[in-house]
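See below for the structure under consideration.
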Amino acid sequence: MIDIKLLRENPEFVKQNCLRRGSDADVDKLIAVEKEQRELNFRAEALRADRNRLSKECKDNPDARVKVKEIKEELASIETKLVEIEKELHERMSWLPNILAPETPDGKDDTENKELRKEGTVPQFSFKPRDHQELAELLDIIDTQRGAKVAQSGFYYWKGKGAQLCNAMFFWVQQQLVKKGFTSFFSPCLAKEQTLFGTGYLPFFAEQTYKLENEDLALIGTSEQTLVGYHADETLDAAKLPLCYTSFTPCFRTEAGSYGKAGRGIFRVHQFHKVEQIVFCLPDESVKYHDFCLENEEFILKQLGIPYRLVDVCVGDMGAPGYRKYDLEAYFAGFGGYREVTSNTNLTDFQSRRLNIRYKDKDGNKGFVHTISATAVTDRVAIAIIENNQQEDGSIIIPEVLRPFTGFDRIEAPSGK
RNA sequence: GGAGAGGUGGCCGAGCGGUUUAAGGCAACGGUCUUGAAAACCGUCAUACUGAAAGGUAUCGCGAGUUCGAAUCUCGCCCUCUCCGCCA
């Protein structure tokens, strides 16, 4: 949600922003609705003031009651209209995308994202590297067949040393974030509609959400939803900011409409697993902490020995709640190119306005906090490890930093293959 | 799942139809006193929207209703706590 005052005071700016984002929100109509709402509200308040004043006289002056009854009728009809117009206003405001950073590159989709730099050395092979699907079958570390049997296509099992690799990676990453000042969480994997709305996943990504029947609950698409929602309707002490939170959860996405994008293996699935970074900070510090989260992502990939490139995500590839977004795309040897593994979004006050998360400092200054939502690591990173660290026989070398947690330094290939 | 109790400002807690513009206390902040601190005393102290300001409106878990008027009465819902049952 953007500040409605910005809309009122600078409608052209908001319109240009919508235009840049390719949003079909009708800003002119929204302004007209807001004006009507204000007028109706003004009249309703004036009538309530009359009613309140007169009803105090009623005790001694029964004649006043007749007048108050008249006011009540008029008020009721205005309130009916007001409720309708407020509903429309809220609906329209809900669909308005966030303001964009001026630096955000223009572009219609991910092909127009701007590469900022490349890091790491792309591995060279004296043989044709296999993709993770092939390696997974060879090593029996991912089972998509049985995932589909038990659940549906798009679900899978990490198995044996593959599962151990994931456990080690997810644990190690959480440890690193705690060292950098994050508070560790175990958090709910379901959330109510209000929480999904507040984080901007509704209404924008409604068809991506698994909803439970007969319950006001949905499976989370990311722990961002529950970690940001954690502070809904709270005023945070500015002196205690930033708050840096991390949680490790499964993430559920229907991927409706993305058939054909899936490709081989488990790159795009209905359930994946993610360690998340969430920051609540003062408005003038969100750029700084956006960069902080990016540093953490880069630190993790570097420690794991994965080459990657940093991408400045363009307008068309960014969700409506985003102000600016960086993706890291890891190199996948089997795939033979870079693919998205983490994304890091500065949401400014878009979520905090919807969720009513404020700050207050000791001088009494108040406002809405800014939120940063960034991936730390997901299953995709484990896939990159598998593809990049493969040997000619199909075995996988475990990155140094994970070995204390895996307890082995290599996933051995079965003999005789 | 069964039974009971309860949801009031940062916290505790009064109020049960109209001097509630929510008593009182604690905490916090400012001041007096003091070498300094504590104590004591004086003062300030909810939020949002609206308005140039004075002020106005809304909010006592949420929603609806009764009434000239609701924190207070009625109905529905939500949540929390305690005990019992089941249970990783």
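Values reported hereafter were calculated over all heavy atoms of this structure, with side chains retained and with hydrogens, waters and symmetry mates removed.
Put simply, A/Lys72 has no side-chain N or O that comes within less than 4.0 Å of OP1 or OP2 on B/U67. Contact annotation: A/Asn52 reaches the phosphate of B/U57 (side-chain N/O to OP1 or OP2, under 4.0 Å). Within the 4.0 Å cut-off from OP1 or OP2 of B/C78, not a single side-chain nitrogen or oxygen of A/Lys192 is found. The side chain of A/Arg48 places no N or O atom within less than 4.0 Å of a non-bridging phosphate oxygen (OP1 or OP2) of B/U59.
Rounded to whole Å, the separation between the C1' atoms of B/A71 and B/A58 comes to 14 Å. Rounded to the nearest Å, the gap between the C1' atom of B/G17 and that of B/G10 is 30 Å. On the C1' atoms, B/G2 is 8 Å away from B/G85, given to the nearest whole Å. Comparing the same atom, C1', in B/G30 and in B/A64 gives a spacing of 46 Å after rounding to whole Å. Here, B/U80 and B/C75 have their P atoms 23 Å apart, quoted to the whole Å. When the C1' atom is compared between B/A48 and B/G9, the two are found 14 Å apart, to the nearest whole Å. Using P as the reference atom, B/U72 and B/U67 are 16 Å apart when rounded to the nearest Å. B/C29 and B/A39 are spaced 12 Å apart, taking the P atom of each and rounding to whole Å.
Rounded to whole Å, the distance from NZ on A/Lys67 to P on B/G69 is 16 Å. What separates CG of A/Leu54 from P of B/C68 is a distance of 14 Å, to the nearest Å. Distance, A/Lys360 NZ to B/C29 P: 13 Å, rounded to whole Å. Following rounding to the nearest Å, A/Leu82 (CG) and B/U57 (P) show an atom-to-atom distance of 16 Å. B/A70 atom C1' lies 14 Å from atom NZ of A/Lys56, rounded to whole Å. Put simply, CZ on A/Arg65 is 12 Å from P on B/U67, counting in whole angstrom units. Distance, A/Arg53 CZ to B/G55 C1': 13 Å, rounded to whole Å. With rounding to whole Å, A/Asp237 atom CG is found 12 Å from B/C29 atom P.
A cation-pi arrangement is absent between A/Arg253 and A/Phe272, since the terminal nitrogen or guanidinium carbon is not both under 6.0 Å from the aromatic centre and inside a 45° cone about the axis. Remark: A/Lys161 is positioned above the aromatic ring of A/Phe408, its terminal NZ or CZ atom under 6.0 angstrom from the ring centre and at most 45 degrees off the axis. Judged by the 6.0 Å and 45° rule, A/Arg339 forms a cation-pi pair with A/Phe267.
Remark: A/Arg43 does not engage A/Glu39 in a salt bridge, criterion side-chain N to carboxylate O under 4.0 Å. Salt bridge status for A/Lys81 with A/Glu84: absent, with no side-chain N to carboxylate O gap under 4.0 Å. Under the 4.0 Å criterion applied to side-chain N and carboxylate O atoms, A/Arg53 and A/Asp50 are assigned as salt-bridge partners. A/Lys192 and A/Asp216 are not joined by a salt bridge, as no carboxylate oxygen comes within less than 4.0 angstrom of a charged side-chain nitrogen. Between A/Glu112 and A/Lys108 a salt bridge is recorded (basic side-chain N to carboxylate O distance below 4.0 Å). Using a 4.0 Å cut-off between a side-chain N of Lys or Arg and a carboxylate O of Asp or Glu, A/Asp106 and A/Arg20 qualify as a salt bridge.
For A/Ala49, the side-chain atoms get nearest to B/U57 when compared with the rest of B/U57, B/U67, B/U47. Distances were taken from every side-chain heavy atom of A/Ser55 (C-beta onward) to each of B/U47, B/G69, B/G56; the shortest belongs to B/G69.
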* To do: Both distances under 3.5 Å, Watson-Crick or G-U wobble: on that basis, could you give the dot-bracket string for RNA chain B, with [ ] for crossing pairs and | for other-strand partners?
  => ((((((((.[[[..)..(.....]]].(((((.......))))).(((((....))))).[[[[[..)....]]]]])))))))....
Please list, for nucleotides 48-52 of chain B, all pairs of protein and nucleotide N/O atoms separated by less than 3.5 Å.
| unit_1 | atom_1 | unit_2 | atom_2 | d |
| --- | --- | --- | --- | --- |
| B/U50 | OP1 | A/Arg8 | NH2 | 3.3 |
| B/G51 | OP1 | A/Arg38 | NH2 | 2.9 |

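Here the rule is salt bridge (charged side-chain N to carboxylate O under 4.0 Å, His left out) with A/Glu34, and of A/Arg92, A/Arg8, A/Lys29 only A/Arg8 fits it.
Checked against the 6.0 Å centroid criterion, the rings of A/Tyr245 and A/His231 qualify as a close aromatic pair.
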